[in-house]
Asks: 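Below is a structure I'd like to ask you about.
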Protein chains: 2
Amino acid sequence: MDLEIIVQGAQAESKPELKLWLRLLSTTKLISHEIRRRLRAEYGATLPQFDLLAQLYRERDGLRLGELSRRTMVTNGNVTGLVERLEADGLVVRETPDGDRRVTVAKLTPKGEEFFAGMAAAHEGWLRDMMADVSPELIQSMLREVGLLKISARNHLSGAEEE
Amino acid sequence: MDLEIIVQGAQAESKPELKLWLRLLSTTKLISHEIRRRLRAEYGATLPQFDLLAQLYRERDGLRLGELSRRTMVTNGNVTGLVERLEADGLVVRETPDGDRRVTVAKLTPKGEEFFAGMAAAHEGWLRDMMADVSPELIQSMLREVGLLKISARNHLSGAEEE
DNA sequence: CCGAAATGCTTTAAATGTCAAAGGTCGGCG
DNA sequence: CGCCGACCTTTGACATTTAAAGCATTTCGG
């Protein structure tokens, strides 16, 4: 039934980092699956598409594909395909600025803005619903603590990542 | 640079659930990417393969594919291909028990056990390293809180899921 | 200016992921 | 005995993902 319950078992008492990681991962998967299912059922959209549109919704002048890639933590090649599909759906347009013809900028169409606005409202409601049994204090507490974890992880990456 | 920093912006003050979700998601992605990269670089393995082997490592008698599917949160059809590749690598064997020929049980080979044991030790070390700046108290606290969040999310799924 | 290096995007191959439908197999009921 | 329904896995069609290779364009040193 539950990944972490089974993965632990015998030597569960120690290894708190591993335990926390498994719990984080399974919780995130659980919520992601639910959001993915609802996005698909109610809007015919995928989670990566939602993420990408969210970025563009906040930057009305559009974003370069490389920038989109970094912000969504999706690889370059993937952004290409995602934007292609969204463009085919009429939610996004691609433009090449005059200054640098290597660059492609994606931006929302009016249709895309309207479409995303509806999804975003529903998305927020789903999250409030799924977190309904968690007190506001606990949410604030987790927000802070997960922030610290994220900083720690970022400071211990193997790839050359400075700040 | 950072998904959540950008996604928030203007109306960031409210919507704590959304904010927490974005932070959870980006943190999990960050750690996943790092683990995936190291697994690939040092062991030539993928994250789903690691997950699947981890389940089998804890159940030396093997697991039915359907059970593997539930534990790894991966669909049935996907487990088939995953196990096929691992079998081709000699890490896993498939057997059909005498009692019920509908069933396929996957279990680790000695080679698979040895291989996974090495990966698991490294994996645990990577996690300790990435969480090095987080105090043990905070880890315990997050463990508890994320557990509560998971329960809340599970109780508010749209799919018919009782307990 | 020229050519090498860097930059930005796209393409490719292999793996993973979903979903739905098809294939065997088992169990029970008439 | 024989069939129907339930159970388990595989298959098939596609969408998504990553890493790496491939193109085109720009930048910079000489």
Side-chain angles (χ1 to χ4, degrees), chain A residues 25 28-30 32-41 43-53 62-89 92 94-106 158-159, chain B residues 25 28-30 32-53 62-89 91-106 159:
Chain A
L25 195 56
T28 305
K29 269 192 188 177
L30 182 67
S32 286
H33 278 222
E34 178 69 7
I35 291 178
R36 190 196 322 276
R37 180 175 4 156
R38 299 209 205 189
L39 276 178
R40 178 189 183 82
Y43 294 94
T46 65
L47 197 49
Q49 287 173 352
F50 179 82
D51 279 355
L52 198 154
L53 292 175
L63 287 168
R64 292 153 47 135
L65 297 198
E67 182 64 17
L68 270 176
S69 170
R70 283 196 298 117
R71 294 195 187 193
T72 55
M73 296 179 80
V74 149
T75 51
N76 264 338
N78 205 355
V79 168
T80 297
L82 276 172
V83 171
E84 260 170 17
R85 268 166 254 132
L86 291 170
E87 190 171 35
D89 290 342
V92 154
R94 269 186 293 194
E95 295 171 359
T96 296
D98 293 342
D100 188 339
R101 278 180 305 166
R102 290 173 302 183
V103 172
T104 300
V105 171
S158 66
Chain B
L25 195 57
T28 305
K29 271 191 188 177
L30 182 68
S32 287
H33 279 222
E34 178 69 8
I35 291 178
R36 190 199 321 281
R37 184 180 355 161
R38 299 209 206 187
L39 277 178
R40 180 187 183 81
E42 301 183 21
Y43 294 94
T46 65
L47 199 46
Q49 288 173 353
F50 179 81
D51 279 354
L52 198 153
L53 292 176
L63 286 168
R64 293 150 46 136
L65 298 196
E67 183 63 19
L68 270 175
S69 170
R70 284 193 297 117
R71 294 196 188 192
T72 55
M73 294 177 84
V74 151
T75 52
N76 262 340
N78 204 357
V79 168
T80 298
L82 228 28
V83 171
E84 259 170 17
R85 278 180 290 269
L86 291 170
E87 190 171 37
D89 290 342
L91 303 177
V92 155
V93 288
R94 269 186 294 195
E95 294 172 0
T96 295
D98 292 340
D100 188 341
R101 276 182 305 169
R102 291 173 300 183
V103 172
T104 301
V105 170

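As the structure is a prediction and not an experimental result, all values here were calculated from the model. The chains referred to below are lettered A, B, ... by the order of the sequence lines, with proteins before strands, and numbering in each begins at 1.
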Asks: Compute the angle between the rotation axes at the two ends of the helix from C:dC1-D:dG30 to C:dG30-D:dC1, each taken over five pairs, rounded to 10 degrees.
Replies: 10°
Asks: Under a 3.5 Å distance rule, please check whether A:Asp100 uses its side chain to pair with a backbone N or O of A:Arg102 as donor and acceptor.
Replies: yes
Asks: Of all residues at least two apart in sequence or in a different chain, which pass the side chain to side chain contact (heavy atoms under 4.5 Å, CB included) check with B:Asn76?
Replies: B:Ser69
Asks: What's the separation between atom CG in B:Leu63 and atom CG in B:Leu68, rounded to the nearest 0.5 Å?
Replies: 5.0 Å
Asks: Specify the residue among A:Gly99 and A:Thr75 whose closest nucleotide of DNA chain D lies further upstream toward the 5′ end.
Replies: A:Thr75
Asks: What closest approach, in Å, do B:Thr72 and A:Lys29 show between heavy atoms, and which atom pair accounts for it?
Replies: O-NZ, 3.3 Å
Asks: Atom CD in A:Glu87, atom CZ in A:Arg94: separation rounded to 0.5 Å?
Replies: 4.5 Å
Asks: Between B:Arg70 (CZ) and D:dT9 (C1'), how many Å, whole number?
Replies: 15 Å
Asks: Between A:Leu86 and A:Leu53, what is the shortest heavy-atom contact and its length?
Replies: CD1-CD2, 4.1 Å
Asks: In whole Å, I'd like the distance from the CG atom of B:Leu53 to the C1' atom of C:dT16.
Replies: 15 Å
Asks: Return the value, rounded to whole Å, for the distance between atom CD1 of B:Ile35 and atom C1' of D:dT17.
Replies: 18 Å
Asks: How close do B:Gln49 and B:Ala45 get, heavy atom to heavy atom, and via which atoms?
Replies: OE1-CA, 3.7 Å
Asks: Can you tell me how far P of C:dG17 sits from CZ of A:Arg37, to the nearest Å?
Replies: 17 Å
Asks: Which heavy atom in A:Leu52 sits nearest to a heavy atom in A:Leu82, and how many Å separate them?
Replies: CD1-CB, 3.8 Å
Asks: I need a per-nucleotide contact map over nucleotides 5-15 of chain C, read 5' to 3'. Cutoff is protein heavy atoms under 4.0 Å; write B for the base, S for backbone only, - otherwise.
Replies: --BSSBB---S
Asks: Looking only at side-chain N and O atoms, does A:Arg101 come under 4.0 Å of OP1 or OP2 in D:dT26?
Replies: yes
Asks: Taking atom CD of A:Glu34 and atom CG of A:Leu39, what is their separation to the nearest 0.5 Å?
Replies: 10.5 Å
Asks: For B:Met73 and C:dT16, give me the distance from atom CE to atom P, rounded to whole Å.
Replies: 18 Å
Asks: Return the value, rounded to whole Å, for the distance between atom CG of A:Asp51 and atom C1' of D:dT16.
Replies: 13 Å
Asks: Starting at atom CG of A:Asp98, determine the distance to atom P of D:dT25, rounded to an integer number of angstrom.
Replies: 15 Å
Asks: Rounded to whole Å, please give me the gap between NE2 in B:His33 and C1' in D:dA19.
Replies: 12 Å
